[in-house]
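This report concerns only the one structure given below.
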Protein chains: 2
Amino acid sequence: MRIGELATKTGVSVRALRYYEEQGLLTAARSGGGQRHYLDEAIDRVRLIQMLYAAGLSSRTILDLLPCVDAKVNTPQSRAMLRAERDRIERQITQLQQARERLDRVIALSEGPASGCAYTDTGTPDS
Amino acid sequence: MRIGELATKTGVSVRALRYYEEQGLLTAARSGGGQRHYLDEAIDRVRLIQMLYAAGLSSRTILDLLPCVDAKVNTPQSRAMLRAERDRIERQITQLQQARERLDRVIALSEGPASGCAYTDTGTPDS
DNA sequence: CTCGCCCCTCACATGAACGTCAGGTTTCAC
DNA sequence: GTGAAACCTGACGTTCATGTGAGGGGCGAG
């Protein structure tokens, strides 16, 4: 499969895919004229990369972690790295939960007492 | 208190505080020569801003939300905005939890079977 | 062979949240 | 009143993950 198809199937832009390759996160075979060809596995790979990006990891960190995830590199260092990142994520989850609680409190206040708000407005009213 | 002290007390850089003001997130009185003077309340304000930044909100979004949080602006629109952001945060928490689970699985694999790893290495070995 | 669509490689642009340097002013302790 | 520390306003630099052309080549259908 060529790059456009992979882009479509993963919902990631062509540019982003080239960028992933540039960063060493994704590899592709090249056919005669230099066009990239991907295996089906690339789809999962891209989804994993996206997941880690969404978790706030940098491409550099992802590059370090990928060998641990798929090639099963397994050294004390790699385990420490994995745990470190997981802990980072945990801390971030905690922070997010605090922020959410803060917003929840504000929301409760605004919806609660003396708010002239008996209805529950579940969507943004078209402005 | 002047900007340097506020920076020290909040752990945020002077530059960042000026940036917050530039973005309309933080206001300061000016003394004769143009220097910023902050009330003690500014400390909490900055901490709130940091919390929201940490939750991944943009300065623009924070700017929109702050009036709801502290000036108690309370309109259907503001409530919808608050809920929208809280939901965004919730979704991000979910994504992070998925990423964490993924890492947990990898960690379990690497520490578990046939790993020559009977000890539990809780820290990064000084490299 | 040629049209059209997809692909290629530069390489500059973007936006967010600051860092950093330059050149100048204010404040405050002494 | 004076010198150093802290502050001021620009304004350009940085990093990251892309967006966005420009200019040119690959490749299957007819």
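Note that the structure is predicted; figures quoted are calculated from it, not measured. Naming convention: chains lettered A, B, ... in sequence-line order (proteins, then strands); numbering from 1 in each chain.
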- Message: What I want to find out is whether A:E5 reaches A:K9 closely enough, with some N-O distance under 4.0 Å, to be called a salt bridge.
- Response: yes

- Task: Rounded to the nearest angstrom, tell me the gap between atom CD in B:E21 and atom C1' in C:dA17.
- Result: 16 Å

- Query: How many Å lie between CD on B:E22 and C1' on D:dT9, as a whole number?
  - Reply: 11 Å

- Message: Check the phosphate of D:dC8 against B:R36, side-chain N and O only, distance under 4.0 Å to OP1 or OP2. Yes or no?
- Response: yes

- A:R102 atom CZ, over 12 foreign heavy atoms within 6.0 Å: no

Short heteroatom pairs, N/O only, protein and nucleotides 25-29 of chain C, under 3.5 Å:
from, atom 1, to, atom 2, distance (Å)
C:dT27, OP1, B:S31, OG, 3.3
C:dT27, OP1, B:G33, N, 3.3

- Task: Output the residues of residues 56-65 of chain B in contact with DNA chain C, where contact means a heavy atom of the residue under 4.0 Å from an atom of the strand; sort by number or write none.
- Result: B:L57, B:S58, B:S59

- Query: When the distance from CD of B:Q23 to P of C:dC18 is rounded to whole Å, what number comes out?
  - Reply: 10 Å

- Go through the side-chain N and O atoms of B:R30 and B:Q35 and say whether any donor and acceptor fall under 3.5 Å apart. no

- Message: When you compare the side chain of A:R100 with that of A:D104, does any pair of heavy atoms fall below 4.5 Å?
- Response: yes

- Task: Show the numbers, then the answer: is there a side-chain hydrogen bond (donor to acceptor under 3.5 Å, both in side chains) between B:Q50 and B:Y20?
- Result: CA-CA 10 Å; B:Q50 284 282 294; B:Y20 296 168; 2.4 Å; yes

- Message: Between B:L63 and B:Q23, is there a side-chain heavy-atom distance shorter than 4.5 Å?
- Response: no

- Task: Considering only NZ, NE, NH1 and NH2 on the basic side and carboxylate oxygens on the acidic side, decide whether B:R60 and B:D64 come within less than 4.0 Å.
- Result: yes

- Message: Within the 4.5 Å heavy-atom criterion, are B:C68 and B:N74 side-chain neighbours or not?
- Response: no

- Item | Salt bridge present between A:E21 and A:R36 (N-O < 4.0 angstrom) | yes

- Query: Can a salt bridge be assigned to the pair B:E22 and B:R18 using a cut-off of 4.0 Å between side-chain N and carboxylate O?
  - Reply: no

- Go through residues 3-20 of chain A and report each residue with a non-hydrogen atom lying under 4.0 Å from DNA chain C, sorted by number. A:I3, A:G4, A:R15, A:R18

